[in-house]
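Lettering follows sequence order; numbering is per chain, from 1.
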Number of protein chains: 4
Amino acid sequence: MLDSISIIRQKIYKVIFETDTPAGQRFDIILISAILLSVLAVMLDSVEQIHAHVGLWLFRIEWMFTILFSVEYLLRIYSSPRPLQYIFSFYGIVDLVSIIPSYMALIFPEASYWLVVRLLRVLRIFRVFKMFRYLTEANILLRSIYQSRRKVLVFFIAILVMCVIFGCLMFLVEGPAHGFTSIPKSIYWTIVTITTVGYGDITPQTVAGQFISTLAMLAGYSIIAIPTGIFTAEIVSEMKRESGNRNCGNCGHRGHYKDASYCYHCGVKLPDSEV
Amino acid sequence: MLDSISIIRQKIYKVIFETDTPAGQRFDIILISAILLSVLAVMLDSVEQIHAHVGLWLFRIEWMFTILFSVEYLLRIYSSPRPLQYIFSFYGIVDLVSIIPSYMALIFPEASYWLVVRLLRVLRIFRVFKMFRYLTEANILLRSIYQSRRKVLVFFIAILVMCVIFGCLMFLVEGPAHGFTSIPKSIYWTIVTITTVGYGDITPQTVAGQFISTLAMLAGYSIIAIPTGIFTAEIVSEMKRESGNRNCGNCGHRGHYKDASYCYHCGVKLPDSEV
Amino acid sequence: MLDSISIIRQKIYKVIFETDTPAGQRFDIILISAILLSVLAVMLDSVEQIHAHVGLWLFRIEWMFTILFSVEYLLRIYSSPRPLQYIFSFYGIVDLVSIIPSYMALIFPEASYWLVVRLLRVLRIFRVFKMFRYLTEANILLRSIYQSRRKVLVFFIAILVMCVIFGCLMFLVEGPAHGFTSIPKSIYWTIVTITTVGYGDITPQTVAGQFISTLAMLAGYSIIAIPTGIFTAEIVSEMKRESGNRNCGNCGHRGHYKDASYCYHCGVKLPDSEV
Amino acid sequence: MLDSISIIRQKIYKVIFETDTPAGQRFDIILISAILLSVLAVMLDSVEQIHAHVGLWLFRIEWMFTILFSVEYLLRIYSSPRPLQYIFSFYGIVDLVSIIPSYMALIFPEASYWLVVRLLRVLRIFRVFKMFRYLTEANILLRSIYQSRRKVLVFFIAILVMCVIFGCLMFLVEGPAHGFTSIPKSIYWTIVTITTVGYGDITPQTVAGQFISTLAMLAGYSIIAIPTGIFTAEIVSEMKRESGNRNCGNCGHRGHYKDASYCYHCGVKLPDSEV
C-alpha cells in the first residue's frame, strides 16, 4: 500500500519536475500554455472596453487558472523528496507568489484594495521565466553574460556618472524655465538622450543646451560599442570553448566543428557530440 | 517538329530560370526593373495629388505590368520540366499572388472593394525577394542567421517577457490618466522605449514612472549587445570556414580548417592547402 | 634661369602636394584650418542675428578665403607635373567647385539667385575630406568597408524591401486619417521607426497599427546586429592580416604584435615595423 | 618623538592613499559613500518641493561633508611624502575644486552668486571617478579604448563632416519656415537624427527634406557598426593577450602568446606555459 503511494508520488515527481521524459515534456508545454493564457487574461482585463463586456468571463478564467496553479503547487510540495528545499527555492517562491493575489482579493474585497492586489498579481508573469529551464541554448548566453558581469558593471558606473554630470550641466544651462525643473529630472532627460530613446517631452532650447546635448548624443551613440564589444568578445570565446570541447581520441587534436564526424588531423572517427 | 518545340521550351527555360547564361542574366535584370517600376507605380498612385493628375496613366502602366507578369508566369509553367513543383514552390506562389489582385479588381469593380484588393496587391513586392537568388553573398548572411536562430529565439523570448513585466509595472504606476490606458498599450510603450525608438506620444509623468522607464531604457540600450554578439560570433566563424575555401574531393563538404589533413565529414584525405 | 623656375616649381609642388616634409605638413595644417574657418564663416552667416550684426565682415572673410583658395588652386595646376591629371582628379574637381560659388555670386548679383549659389557653396565642405589623406589609420577602416561592401548591399536591399512592405501595410491599416497620407510617407515613417529614430511626428493610432509598428521596431532593433556583425568580422580579419604582416627573418614565424621587438618563437630580433 | 609623528604620518598615508590594506579599503568605501551621499544631497536640493521642506537640513549636511572633505584634503597633503606632487596631480586638483564652492558661498553671500557657485559645486561629482582606481577590470576596457583611439578619431571626423553636409542640405531644402532656422541648428537636428535620438522638436516637412533625412537615418543606423567593429576587434585581441597571462621574468611584459617561447619585448626565454 505504502509502496504504491510511493510509486504514484515518484510518478508525479517525474511528470512535474523532470523535463526529459515525454510525459514531463507534455506537462511543461501545457503548463507554459496555461501561464501564457492566464497572463493574456490579465492583460485583456485591463482594457476598459473588454472588461465591460467579458469581465465576468475573464474573472472566471482567472479563478480557474488560480485553482489549477494551486493544485500544481501542492502536488509539487507533495511529490518533492525535499519539500522545504523546493518551497524556499527561487521557483518555489515564484510559484507561491503567483497564486497568492487571487486569494487575497477574496478575503479583502474592498474595491480600493484591488489595485494593490493587481500589483502583486503582475508578478505571476515571472512564472514564464521557468521556460528558460527548458532551453539549453540559453546556457551559452547566460554564461557569456556572467563572464562579462564585472566589465559591464564598470561600464554602467561610467554611464551613470556621465549621466549625473550631463544632468547637472543641463540643469544649470537650461534651468526650470525650459522643462529641466530639477537635477533628477535633468538626469532622466540625459538617460533618455544617451540611450538614444529621445521622447522629445523635454528638449534643450538654448544654444548652449543644444551644444551640450549634442555631446551627450554622440557619447551615447558611440558608447554602445563598449558593452557590445565586451559581450561579443565573451561569446566568441564561449563558442570557441564549446567547439573546443571535443578531443580526438587518437591524436588528441581539439577544436572540431559541431557537425564534424572525423578528426580533421588524423582522419579517425570522432565520438558523438554531447551537445 | 516536336523536337523543335522541345528545343524552344528548353531555350525559354534557360532564359527564365537559369541565371548563369548572358540571356538569363539579361532577363533577370529586365524582370527586376519591371518589378521595381510596377511597385513605384503603386506607390505613386497612393499620393493623392499624383493620382488626381496621372491616375489613368498609372492605371494603364499597372495593367501593362500585370499582363507582362501573367505571360511570364504562364511561360514559367510551360517551360518548367516539373510544372507542379514550380507552382507550389515558394516563388511559384509569390508569382501567382502578385498578379491576382489586378484581375480580382476587374471582376468585382465596386469601389469599396478596391481597398481590400490593394492590400493583396501590396504582396507583389515580395517578388523583389527573388533578387536574393542572384546574390551569392547573401548565403553567408543567411547561414549565420540560421546558425544563430535558437540563441536569437531565446533572446526574443527574454525581451518579450521583460516588455510584459515593464508594461504591467508602468500601467500600475502611471495609470490611464497619463496615457497608459491598458496593459497592451503599456507594452506598446515599453517596446517603443526598449528598442530606443521613443516616439514621445506616451511619456511617463510621475517620478516613479520616470525612474522605471529609465531602467527600461538602460536595459534596452545594453541588451542590443546580445543579438549583435551572437550574430557577430556566428559570422566570424562562418567567414573563417569560408576563407579556408577547401572542398573535400570525396563528399564535397566545405569549410575545412587551413591545417586540416582529413575531411571532417567523411574522413577522406584532403588535397594540400593552396593558401 | 629656367632652371631656377623649375626649382621653384618643384619647391611649390613639395610644399603643396607632399605631406612627408615639415614644410608640406605645415602647409596642410594651415590649409585645413583655413577650410574650417571658411566653413565656420558660412555657418555663422546663416544665423540671422549674426548676419544682421557682422554680415559684412563675414562677407569680407569669405572673399579673403575665396581668393586664397583660388591662388592655391592655380599654384596646384602650375606646380603639378601633369596639370590635366590633377584638374580632372577627384580632389581637383572638388578644389574648383569649392571656389566657383563666390565668383558666380559676383556676375549674377540678384538676391534670389544667392540662395541657389549657397547650395553649391556648401560643397566647399568636401574639401575637408582631404584630411583623410593624412590619416593612415583610415586605411584599415576603408579596406574593411570595401571588403564588406557586397554583404552590406544585400543587407540594405533587405532593409529597403522590408521598409516598403511595412510602409504599404501601415498605409492600408492606418490610412490618411492618422497621418499616413501616402505610401511614400508611410515608408518615410517606417524608416524613422526601423532605424529607431522615432520622431513622433506620425504615430500609429489604431491597435492593429500599433501592433505592426511593434514588429517593425523589434525588427529594426535586432537587424542592426547584421551590419555590425559583418563589419566586425571584416575588421577582425583586417587587423589579423595587419599584425600577420611581420615575418621573422630567422624562423619565418608570423603574427607578431605591432610593439614586438623579438620573435616570440626563436627570440631573434625582428625587423622594425613599417607601420 | 619625531619618530612617533613620522609613524602616525605613515599610518595616515597607508589608510588614505593605499588600497591594498584592510584599513585603506574600509576608508575608500566610506569615502565613496560620503561622496555619493553629498552628491545625492545636492541633487535633492535642486527639487523645489524638497528644498522648501528640508532645505535647511540639506544645507547642514552639505556643510558637514564640506568640512569632512576639507579635513581629508589637509590630511592627504600632510601625509603625502611629496605634497606638491599630490596637489598638482589630477586627483589633487579635483579634491580641492570639490570643496571650494561651499567656502566661496560663505564669503560672497549674494543670492545671485549662489547659482554660479553651484556650477562649480557640480564638479564635486568628478570625485566619484576615483572609484575607477579600485576596479582592476577597468584596465582592459581603458586599454582597448586607448588602442582604438586613432580609428575612433577618424570615425568621429567622418561623422562630423557628414553632419555638417547634411545640416547644410537640410537648411537649404527645408529653410527657416520649417524650424531649420540656421546651419548650426540644422547640424543640431542632423546629430539628433544620425545618432537615432530623434526628439521630434524639429522634423522635415517637405518631400525632399524627408527623403534627405531618410538617407541621414540609414547612414546613422549603419555607421554605428563602425565604432562597434573597431572596439570589438580591439577587445577580442586584448582579451586574447590577457588570457595568456604569462609574464616575462626579465622585463615584466605581459600578454605573450600561448605558444610563445621568447619574450617579444626583450628576447629572453619565457618560462613554460602553465595553461
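- Among the residues in residues 186-195 of chain B, those with a non-hydrogen atom closer than 4.5 angstrom to a non-hydrogen atom of chain A are B:I187, B:W189, B:T193.
- Listed by chain and number, the residues in a salt bridge (Lys or Arg N to Asp or Glu O under 4.0 Å) with B:E174 amount to none (sequence neighbours excluded).
- Of the listed residues A:G200, A:G220, A:P184, the one with more heavy-atom pairs under 4.5 angstrom with chain B than any other is A:G220.
- Crowding of B:F156 atom CZ: a count of heavy atoms from other residues, nucleotides or ligands under 6.0 Å exceeding 12.
- How far CD of A:Q49 is from OG of B:S182: 8.0 Å, rounded to the nearest 0.5 Å.
- Taking the side chain as every heavy atom from C-beta outward, A:V197 and B:V197 never approach each other to under 4.5 Å.
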Working for side chain to side chain contact (heavy atoms under 4.5 Å, CB included), residues B:D201 and A:Y199: CA-CA 8 Å; B:D201 50 351; A:Y199 286 132; over 6 Å; no
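- For A:E48, the CD atom counts as loosely surrounded, since its 6.0 Å shell holds 12 or fewer non-hydrogen atoms of other residues, nucleotides or ligands.
- For the pair A:I223 and B:Y221, the minimum side-chain heavy-atom distance is below 4.5 Å.
- The greatest number of non-hydrogen atom pairs below 4.5 Å with chain B, out of A:I159, A:I226, A:I235, is found for A:I235.
- Per-residue counts of heavy-atom pairs under 4.5 Å with chain A were compared for B:I224, B:T232, B:I230; the largest is that of B:I230.
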